[in-house]
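Letters A, B, ... are given to chains in the order of the sequence lines, protein chains preceding strands, and every chain is numbered from 1. Atoms considered below: every heavy atom in the structure, side chains included; atoms not considered: hydrogens, waters and symmetry mates.
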Amino acid sequence: MRGFDHEEIEKRAQEKWASLGLYQTDLKNAAKKPYYLLSEFPYSSGDLHIGHWFAFAVTDIFARTKRMQGANVLFPIGFDAFGLPAENAALKNKLDPKEWTYKNMERMRGQLRSMGASFDWNREVVTCEPAYYKWTQWLFLKLMEHGLAYRAEAPVKWCPKDQTVLANEQVIDGACERCGTPVEEKRLTQWFLKITEYAERLLEDLEPLPWREEIKEAQRAWIGKSEGARITFLISGQNKKIEIFTTRPDTIYGATYVVLAPEHPFVSKINFSNEKEVEKYIAETRKKTERERSEQKEKTGVKLEGVSAINPATKKEIPIYLADYVLASYGTGAVMAVPAHDERDYEFAKKYDLPIKQVVEPLFVGRREDDTPKPNLPFVERPAITAIVKHWKDDAYLLLDWKGVAWTTFITGGVEEDQTPQDAACREIIEETGYRNLRLVKELTRYHSRFFHTPKQRNQFAHFSSLYFQLTDGSQDPVPPEEQAKHQYRWVPREEVEQTLVPNGQKFLWNSLQREAAYVGSGILADSAEFSGRDSEEAKSDIVKAVGGEQATEFRIRDWLVSRQRYWGCPIPVVYDPEGKPHPVPPEHLPWLLPTDADFRPNEKGSPLASSKELKERVEKLFGKGWLPEYDTLDTFVDSSWYFMRYLAPKNEHDFSDKRLMKKWLPVDRYSGGSEHTTMHLLYARFFYKALYDLALVPGDEPFLERYNRGIILGPDGEKMSKSKGNVINPDEFVKKYGADAVRVYLAFIGPYNEAGNYPWNLDGVAAMRKFLDRIVRLALRAEAGPHLTHLSSIAARAAAKVEADCERFKFNTAIAALMTLLNELEKAKKISQKVMREFVVLLAPFAPHLAEHLWNELGGKGSVHQQTWPKAGPAPLKGETVEVIAQVNGKKRGAIRLTTTASESEAVAAAKHIAAVVTALGGRKPKRVVYVPGRILNLVI
RNA sequence: GCCGAGGUGGCGUAAUUGGUAGCCGCACAGCGCUUAAAACGCUGGGAGGGAUUAAAAUCCUCAUGUGAGUUCGAGUCUCACCCUCGGCACCA
């Protein structure tokens, strides 16, 4: 049977919607609840690809269901239209970037319309239009007015291929996010937005947002808060000081040198003797790209000779180094190095042979059932030893198997008052194993342990000295019987020791003997003057006070660099007086137009705008001789940081949005977009909104209530689509062959839309959905006028409830599965009424809007199907209706019984006893216990 | 390395949030319609096994990355481990 003519149906449906003005949202409507559904607007790249369909056609389903459920839905569309690709494409095709962009948008509008999405085109915003960027500039000036936009000289990331600076967020693994070229570092004077001032709030306000954990976590990581202290180290004999930042002030007694970043300005302020060598090192590091610096395996550095710093805790003089493992841009650009407790410092100290002083000793707390300390008992403290004993000739070690408990350890024991740890260890070894010819090889790290001592029935807090012995021969005394009764010794080869040992403290000790490393955990302080013996975490703040430091919080996030040395962007509305001082362009001159006479080809000399005669003349004419324009344009992420506000009043000439409408419509109820924007656009937009909130320009301080990161459509081969792989899916082909509705339904069916999964495109998928739609058409042809079967109507109502709930949580795949199930049911019916069919078509409308409109007409429906209200939720199972209850014996299914929802337990048991399999399983025994969940399950336990 | 999200048939997925594992599709197989094919329709299927049988129906065991545990009952909860994807990473 032939299917429907989708092209004809699509055309007619879209004309109908336009003539009815269905999708012109009246934002002032007071009767309906406003609902703002936003999908990240597309970049004007040219062709609409399958990802665009995924982004817009699927969210349109939600817009349509919401509307049918009575909401006043704003579902806008626009274009992110400034940006580098326009310039690159224009260069390639010898066009103007503007021409290229506007041609693309025209094409994309047509393609977007073909989706049958319910966009309100009257609210379209285009970021490259002067009417829009006037307000981008106005907002920038507002930020500037309040010190949130500032100009500063700073080391910045420069992409040599794109010939522009980049924001930190646009550098991925040391390379340009756009073209993959390794970035270089330059010192330039550029415009920044003070996002760091909002770091704390961006972090805190994340907490209550109902976003998926992975999105929040990515933002938290990007903001990168760490709490610590700033501590001042004096320079010996020079009356100067250097401030360091550390998160581990508790380890300060172990700080054995100080490291400055090579770019640290302090280097030029102190005197040292090896200037040549130091300059050479600084020059070398400056030459390296960020990627080279992070990829180099070995640490490098140089000592400043003839100068030293004073550790404020120990008062000892310690050397000062320059090393590029310390970053100039984080903290104070200087650190106190604690090699014993920091991996990087450890590596550096090993290479340059610097002292390593341990000041934190690990503490282990019993965690098993039998050794977890009892909360109400006091701890009995005592010194103890752990002895590792090596065989006289094999690579094997003495372990004790304790009798009666699953407990295997090294030799351990207490230390009596008159004993040294070594004496105690020797005594224990001889007593427990009889071996007597011992040679102490070395002392190992001390450690501590809190545990419940089961034989003694008390909490114990043991302080272990650790000693490493080797036997010189195998001579042995007899082991006394009382020791033999406690444990049995045995020799264990090196490779089996770790898995054989039970106590965590001893495992740690063994591992640190195998491979020396920094201990970065917390524990008990040692060798730390009056702080020795205290818990390292708990002593932190006291130590900071004692050394005259102060608590400090640092963030990883940097201020947002917004200058771009490119043409096709929003001009920065700033001019410079003859002294070079920046001044805002007064609002009456906005929009500050992008000149059309600039040579937009990138060049080494600077920004393309510098080549515009018109811009220079404009500035001189308005401000006077000697005044100069700003030549840089704004990062396009500035344009997109506020577009969702402009949708509310896209044509307002007097304000960037509309105060009253913002109050009613913001925050955005649900924002759908790509996960690649989690730490860029999404973070920037949150910052922007908070800043505007502080300037009393917007009604709240979080712009997006819900956020959903959409997944990615992969090629049919399961790989990411790319031209070089030849696996790119062109949506237009599928639309032409199967119709827009089939493509929409397939994309919605491909996987759960509420998580950012990767979904391979199935080449048969759209055809399958077309078959589904064809079956609906055939069913509709069978529908008859006249009385309908209530039974079918109630099935449809139940499906409606399921579809509604699934759409609400962005699970369109299961919503469609429910529609398919419903279709299967309806097809089975001998007779089907037009009324039931119309109910079905209403449910179908959000998914296949064109076909649903067509069928609605055919079935005699009035107006548009899209004006219908969503069916009320299906009734709960009627009282007295029977449901299937699973009969289990010992948790295993043995059959099913039909029961009313109100059936009692004894009725259920009686019914179950009619099932042969239940009787067999019971085997004549009486159930010891009966678990009955009405309507669900009956479990007989024997 | 740290953090986060996951791991279910040949494939995409589902499971009322602790209650029949595999809904809905794809692909596949058999059958029907047809001169034939396409289209369409019907039927089937997690894996393994047993008995009866012409066949069907029926029955049992094992199955949600691996191993333990909690529970009357675990894909779902707890612990350990393995793997995949994503974020951060010389951030002191």
Side-chain angles (χ1 to χ4, degrees), chain A residues 1-3 173 212-226 228 244-248 251 259 261 293-296 299 323-327 329-338 341-345 347-348 367 520 554-558 675-676 678-679 709 714 718 746 749-752 755-765 767-769 771-772 774-775 778 802 805 811 813-824 827 884-896 916-917 920 927-933 935-942:
Chain A
M1 182 196 209
R2 257 189 71 238
D173 291 332
R212 277 182 79 96
E213 192 55 29
E214 64 215 56
I215 307 177
K216 293 200 209 179
E217 199 48 43
Q219 289 215 348
R220 279 186 211 118
W222 190 263
I223 296 164
K225 179 178 179 176
S226 43
I244 61 97
F245 174 73
T246 180
T247 56
R248 293 297 303 272
T251 64
V259 192
R293 270 172 81 157
S294 70
E295 271 176 2
Q296 75 187 14
K299 300 235 174 320
D324 67 0
Y325 79 89
V326 172
L327 306 177
S329 50
Y330 185 76
T332 61
V335 304
M336 65 177 205
V338 186
H341 303 295
D342 182 282
E343 280 167 23
R344 298 147 302 184
D345 298 341
E347 203 188 311
F348 192 82
R367 282 175 57 208
V520 297
E554 289 292 333
F555 292 93
R556 205 194 71 98
I557 194 171
R558 305 290 141 80
S675 43
E676 71 275 20
T678 304
T679 51
N709 277 0
L714 305 175
Y746 177 57
F749 189 65
I750 202 166
E755 48 190 271
N758 297 334
Y759 307 111
W761 179 268
N762 182 339
L763 283 169
D764 298 309
M769 296 307 120
K771 281 181 196 167
F772 165 62
D774 284 338
R775 278 167 61 203
R778 260 176 271 138
K802 167 92 176 136
K811 293 257 303 175
N813 55 335
T814 51
I816 291 168
L819 287 178
M820 289 172 167
T821 309
L822 175 59
L823 177 66
N824 291 344
E827 277 178 335
E884 197 170 68
V885 172
I886 300 310
Q888 295 181 334
V889 176
N890 280 346
K892 281 212 174 87
K893 185 193 169 186
R894 297 293 160 172
T920 323
K928 269 191 294 201
R929 195 176 152 186
V930 176
V931 180
Y932 176 55
V933 183
R936 289 265 168 84
I937 204 146
L938 171 74
N939 189 9
L940 307 175
V941 186
I942 50 174

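- Note: CD (A/Glu755) to P (B/G4) measures 18 Å, nearest angstrom.
- Among the protein residues, A/Phe749 comes within range of the nucleic acid bases, having at least one heavy atom under 4.0 Å from a base atom.
- Atom CD1 in A/Ile816 sits roughly 18 Å away from atom P in B/G12 (whole-Å rounding).
- The closest side-chain heavy-atom distance from A/Ile223 to A/Arg220 is not below 4.5 Å.
- Heavy atoms of A/Met769 sit under 4.0 angstrom from primed sugar atoms or phosphate atoms, though from no base atom.
- Looking at which nucleotide of RNA chain B each of A/Glu214 and A/Glu827 is closest to, the 5′-most match is held by A/Glu214.
- With both ends at atom C1', the span from B/C85 to B/C79 equals 24 Å, rounded to whole Å.
- Following rounding to the nearest Å, A/Lys892 (NZ) and B/C62 (C1') show an atom-to-atom distance of 10 Å.
- Out of B/C90, B/C26, B/G25, the shortest distance to the side chain of A/Arg775 is found at B/G25.
- Phosphate contact (OP1/OP2 of B/A92, side-chain N/O of A/Tyr325, threshold under 4.0 Å): absent.
- Heavy atoms of A/Lys771 sit under 4.0 angstrom from primed sugar atoms or phosphate atoms, though from no base atom.
- With a glycosidic angle no further than 90° from 0, B/U17 counts as syn.
- For the P atom pair drawn from B/G12 and B/G49, the interatomic distance equals 27 Å after rounding to whole Å.
- B/U76 and B/G18 have their C1' atoms separated by 7 Å, with the value rounded to a whole Å.
- Distance A/Leu823 CG to B/C40 P: 14 Å, rounded to the nearest Å.
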Output field dot_bracket for RNA chain B (Watson-Crick or G-U, both distances under 3.5 Å, | for other-strand pairs) contains (((((((..(((......[....))).(((((.......))))).((((.........))))..(((((..]....))))))))))))....

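- Across all strands shown, A/Ile886 has heavy atoms under 4.0 Å from base atoms, whether or not it also approaches the sugar-phosphate.
- When every heavy atom of A/Lys893 is checked against every heavy atom of A/Ile886, the shortest pair comes out as CG-CG2, 3.6 Å.
- Of all nucleotides listed (B/G4, B/C90, B/A92), B/G4 comes nearest to the side chain of A/Glu213.
- Within 4.0 Å of A/Asn824, counting heavy atoms only, lie sugar-phosphate atoms of the nucleic acid but no base atom.
- Between A/Ser226 and the phosphate of B/A92, there is a side-chain N or O to OP1/OP2 separation shorter than 4.0 Å.
- Ring geometry, A/Tyr325 versus A/Phe348: the interplanar angle falls from 30° to 60°, so the pair is classed tilted.
- Whole-Å rounding puts the A/Lys893 NZ to B/A21 P distance at 7 Å.
- Shortest non-hydrogen contact noted between A/Met336 and A/Arg248 is CE-O, 3.4 Å.
- Here the C1' atom of nucleotide B/C2 and the NZ atom of A/Lys225 are 19 Å apart, to the nearest Å.
- Atom CG in A/Leu714 sits 10.0 Å away from atom OH in A/Tyr759 (nearest 0.5 Å).
- Atom CG in A/Asn762 sits 8.5 Å away from atom CE in A/Met769 (nearest 0.5 Å).
- For A/Arg558 (side chain) and A/Arg556 (main-chain N/O), a donor-acceptor pair under 3.5 Å exists by modelled atom type.
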Under 3.5 Å, N/O pairs linking protein and nucleotides 69-78 of chain B:
from	atom 1	to	atom 2	distance (Å)
B/C72	OP1	A/Arg929	NH1	2.7
B/C72	O2'	A/Asn939	ND2	3.2
B/C72	O2	A/Asn939	ND2	2.4

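- The same atom, C1', is picked in B/G87 and in B/G73; the two are 38 Å apart, to the nearest Å.
- From A/Gln888, atom CD reaches atom CG of A/Leu940 across 9.0 Å, with rounding to the nearest 0.5 Å.
- The side chain of A/Arg778 contributes an N or O atom lying less than 4.0 Å from OP1 or OP2 of B/G41.
- As judged by a 4.0 angstrom heavy-atom cut-off over every strand, A/Arg248 is placed among residues touching the sugar-phosphate backbone only.
- Residues A/Trp761 and A/Ile750 come closest through the heavy atom pair CA-CD1, 4.4 Å.
- Contact between the side-chain N/O atoms of A/Lys811 and the OP1/OP2 oxygens of B/A15 is found at a separation under 4.0 Å.
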Can you check nucleotides 84-88 of chain B for protein contacts, nitrogen or oxygen pairs under 3.5 Å, and list what you find?
from	atom 1	to	atom 2	distance (Å)
B/C88	O3'	A/Arg556	NH1	2.9

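- To the nearest whole angstrom, the two C1' atoms, one in B/G22 and one in B/C42, are 23 Å apart.
- Set against B/G19, B/A5, B/G25, the side chain of A/Arg212 has B/A5 as its closest nucleotide.
- As judged by a 4.0 angstrom heavy-atom cut-off over every strand, A/Arg558 is placed among the base-contacting residues.
- When the P atom is compared between B/U16 and B/A29, the two are found 34 Å apart, to the nearest whole Å.
- In plain terms, the two heavy atoms of A/Asp345 and A/Ala337 that are nearest each other are OD2-CA, 3.2 Å.
- The separation of B/U66 from B/U52, taken at their C1' atoms, amounts to 39 Å, rounded to a whole angstrom.
- Here OG1 of A/Thr247 is found 10.5 Å from CD of A/Glu554. Values are rounded to the nearest 0.5 Å.
- Interatomic distance, A/Asn709 CG to A/Glu214 CD, rounded to the nearest 0.5 Å: 7.0 Å.
- Taking the side chain as every heavy atom from C-beta outward, A/Asn824 and A/Arg775 approach each other to under 4.5 Å.
- With rounding to the nearest 0.5 angstrom, the OH atom of A/Tyr746 is 11.5 Å from the CG atom of A/Asn813.
- Between A/Ile750 atom CD1 and B/G25 atom P there is a gap of 17 Å when expressed in whole angstrom units.
- Within the nucleic acid shown, A/Val930 has no heavy atom closer than 4.0 Å to any nucleic acid atom.
- Heavy-atom neighbours of A/Glu676 CD from other residues, nucleotides or ligands within 6.0 Å: above the threshold of 12.
- Residue-to-nucleotide proximity on RNA chain B shows that, of A/Thr821 and A/Tyr759, the 5′-proximal contact is made by A/Tyr759.
- With its glycosidic angle more than 90° from 0, B/G41 adopts the anti conformation.
- The CG atom of A/Asp342 sits 17 Å away from the P atom of B/A89 (whole-angstrom rounding).
- The same atom, C1', is picked in B/U64 and in B/A15; the two are 11 Å apart, to the nearest Å.
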